[in-house]
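Below: the structure, in structure tokens.
Here is the naming used below: chain letters follow the sequence lines, and residue numbers restart at 1 for every chain.
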There are 2 protein chains.
Amino acid sequence: MNIGDVADRSGLPPKTIRYYEDIGLVRPARSGNGYRAFSENDLHKLAFLGRARALGFSIEDCRRLLGLYEDSGRESAQVKAVAEEHLAEIDAKIAQLQAMRDTLAHLVRTCHGDARPDCPILSDLAGDPA
Amino acid sequence: MNIGDVADRSGLPPKTIRYYEDIGLVRPARSGNGYRAFSENDLHKLAFLGRARALGFSIEDCRRLLGLYEDSGRESAQVKAVAEEHLAEIDAKIAQLQAMRDTLAHLVRTCHGDARPDCPILSDLAGDPA
DNA sequence: ATAAGGGTTCCAGTCACTGGAAGCTCAAGA
DNA sequence: TCTTGAGCTTCCAGTGACTGGAACCCTTAT
């Protein structure tokens with residue numbers, strides 16, 4: 001399979017697939033003409049990576065997960081630990097965004113949004129005492 | 001004021017303040033010795049930037065907001081538009097993270113997390129039919 | 001013969017900093 | 001007066017995970 005085929009079948013852009021090879025996540029063979037020659041296993045790995053990335057795992061987490069996936073001697077506790085840590089990070093990020101959202105939504109509600117210059121959003125950013 | 005003072009009073013690291021000067025967000029004067037000499041107004045602007053960044057506004061949004069803040073002829077509708085657009089982006093990001101979170105939490109719940117190798121997290125990432 | 005549509009490499013840019021090196025200035029103490 | 005240490009300066013490189021673009025090669029069809 002050429003890179004375009006695996007791109008179509010994995011849903012990853014060719015650029016991303018080349019990048020994953022650069023950083024050693026996949027190691028496709030090469031044809032005589034210099035083209036990458038992907039096996040079904042390569043495709044499978046790339047699809048795995050695509051799903052892991054879609055769940056927000058970092059590249060380094062993906063590398064670990066792929067390593068565990070290919071290690072028949074793994075313990076599921078290792079996988080779960082990676083996932084739980086990531087889950088905690090997601091929860092922290094959601095909490096942070098939610099706090100921003102609440103503040104911002106309040107400010108937007110109190111702003112007239114008309115032709116006059118006075119604006120509680122700017123007042124808040126300027127640190128004016130409410 | 002030297003950069004250390006404004007750093008303390010604005011809560012921004014010196015590195016960040018220099019960076020903000022680099023990209024033209026503040027333009028402190030210079031003392032004879034080459035040190036940056038910040039005015040109260042510079043400090044005020046930096047604090048403004050710190051609060052805007054804390055609400056997740058991009059640097060370019062911050063530039064716009066600061067411009068509006070200093071433009072007495074602004075219309076509050078302009079400010080509100082910037083804020084509403086950013087709010088929509090935050091909402092989209094929260095929704096995306098929440099979706100990840102739900103999937104991931106489910107997978108974590110179903111994983112034994114013991115010494116055995118079989119793991120529904122890996123099975124899901126591998127695309128195994130549930 | 002040529003043109004289109006693959007593929008290849010390499011370099012630069014994104015965003016908002018952050019770390020580190022090398023060197024200058026200033027205030028205080030011995 | 002000398003020295004020490006803290007604080008300031010600039011510049012360069014790295015972060016994460018790609019993405020865009022240039023320049024060039026390979027294959028297939030017309």
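- Proximity of A:Lys80 to A:Glu75: side-chain heavy atoms (C-beta onward) are nowhere separated by under 4.5 Å.
- Annotation: the span from A:Ile59 atom CD1 to A:Arg53 atom CZ amounts to 5.0 Å, rounded to 0.5 Å.
- For DNA chain C, the contact window with chain A, defined by any atom under 4.0 Å from a protein heavy atom, covers C:dG6 to C:dC10 in 5' to 3' order.
- Of the residues in residues 1-23 of chain A, those lying under 4.0 Å from DNA chain C by heavy-atom distance are A:Asn2, A:Ile3, A:Gly4, A:Lys15, A:Arg18.
- With salt bridges taken as basic N to acidic carboxylate O contacts below 4.0 Å, none links A:Lys45 and A:Asp42.
- With 3.5 Å as the limit, one finds no donor-acceptor pair spanning the side chains of B:Ser76 and A:Asp118.
- You'll find the side chain of B:Phe38 stays beyond 4.5 Å of the side chain of B:Leu43, heavy atoms only.
- Contact annotation: B:Asn33 side-chain N/O to D:dC8 OP1/OP2 distance is not under 4.0 Å.
- Taking every heavy atom of residues 41-50 of chain B and every atom of DNA chain C, no pair lies under 4.0 Å.
- Taking atom OH of residue B:Tyr35 and atom C1' of nucleotide D:dG7, one finds them 6 Å apart after rounding to whole Å.
- By the 4.5 Å heavy-atom criterion applied to side chains, B:Tyr19 and B:Leu12 are not counted as neighbours.
- A heavy-atom distance below 4.5 Å is found between the side chains of A:Arg36 and A:Arg18.
- With a 4.5 Å cut-off on side-chain heavy atoms, B:Glu21 and B:Ile17 do not count as touching.
- Transitive grouping of hydrophobic side chains (ILVMFWY, heavy atoms separated by less than 4.5 Å) brings A:Leu125 and B:Val82 into a common cluster.
- Two residues, B:Arg53 and A:Arg30, neighbour DNA chain C, and the one matched to the more 5' nucleotide by heavy-atom proximity is A:Arg30.
- Look at A:Arg63 and A:Glu60 and you find a salt bridge, because one of the NZ, NE, NH1 or NH2 atoms lies within 4.0 Å of a carboxylate O, short of that distance.
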